[in-house]
Amino acid sequence: CACKPKTVNGWTADESEFCWGLPGSVAPLGKFDPLGLSKDLDLTEMKRFREAEVTHGRVSMLAVLGFLVAESFHPLFGGEISGPAIRHLDQVRVVAPAFFEVLGLMIALVELWRSLYGWVSPTDIQKYFGGE
């Protein structure tokens, strides 16, 4: 079908452009893909890559924010955690020994739910819905 691509939020897919013309290619890095991971991807797969990139970027930004805030604000564990943030995890292990196991289990359950809710077998994909 020689159908014209649909425009979504002012963006129209263009196969001839870097990453199908998705926004985000800005100076000073421009068309940054040193490993060529985006090369030869179809539009559906490119959107999936972009969604994963945005998700991981958001998690990273929250982690950095948490690290910086923890330098001067310690509301958890009865205020027993102090000093530089780089040593806080050692202190948490002393104050609450099972904390990381419980945290790991909670993260695993959330990711399991996310994968079961959002995963579709590649043979069953008819249209990409994520991020649209």
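On a predicted model such as this, the values are computed, not experimentally measured, just so you know.
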Task: Distance, nearest 0.5 Å, that separates CE of Met46 from CG of Leu43 - done: 8.5 Å
Task: Sub-4.5 Å side-chain heavy-atom contact between Gln91 and Ser82 - done: yes
Task: Partners meeting ring pair (Phe, Tyr, Trp, His ring centres under 6.0 Å) with Phe67 (sequence neighbours left out) - done: none
Open item on the list: To the closest 0.5 Å, what do you measure between CG (Leu89) and CZ (Phe99)?
Closed with: 8.5 Å
Can you give me every donor-acceptor pair (side chain of residues 13-20, partner residue at least two apart or in another chain, under 3.5 Å) with its distance?
{"unit_1": "Asp14", "atom_1": "OD1", "unit_2": "Ser16", "atom_2": "N", "d": "3.1"}
{"unit_1": "Asp14", "atom_1": "OD1", "unit_2": "Ser16", "atom_2": "OG", "d": "2.8"}
{"unit_1": "Asp14", "atom_1": "OD2", "unit_2": "Ser16", "atom_2": "OG", "d": "3.3"}
{"unit_1": "Trp20", "atom_1": "NE1", "unit_2": "Leu41", "atom_2": "O", "d": "3.0"}

Open item on the list: So does Gly21 get a backbone contact from the side chain of Trp11, meaning a donor-acceptor N/O pair under 3.5 Å?
Closed with: yes
- [ ] Look up atom CD in Glu111 and atom CH2 in Trp113, then write down how far apart they are to the nearest 0.5 Å.
- [x] 10.5 Å
Task: Any Asp90 side-chain heavy atom under 4.5 Å of Val94 side chain - done: no
TODO: Given side chain to side chain contact (heavy atoms under 4.5 Å, CB included), test Val54 with Arg58 step by step and report yes or no.
DONE: CA-CA 6 Å; Val54 170; Arg58 288 175 180 166; 3.4 Å; yes
Task: Pairwise distance NZ(Lys47) to CG(Asp42) - rounded to 0.5 angstrom - done: 10.5 Å
Open item on the list: More than 12 heavy atoms of other residues, nucleotides or ligands under 6.0 Å from CG of Leu37: yes or no?
Closed with: yes
Open item on the list: Are Met106 and Leu112 linked, directly or through intermediate hydrophobic residues, by side-chain heavy-atom contacts shorter than 4.5 Å (ILVMFWY only)?
Closed with: no
Open item on the list: So, applying side-chain contact (heavy atoms from CB on, under 4.5 Å) with Glu53, which one of Glu51, Arg50, His56 is it?
Closed with: Arg50
Task: Separation between CZ of Phe32 and OG of Ser25, rounded to the nearest 0.5 Å - done: 11.0 Å
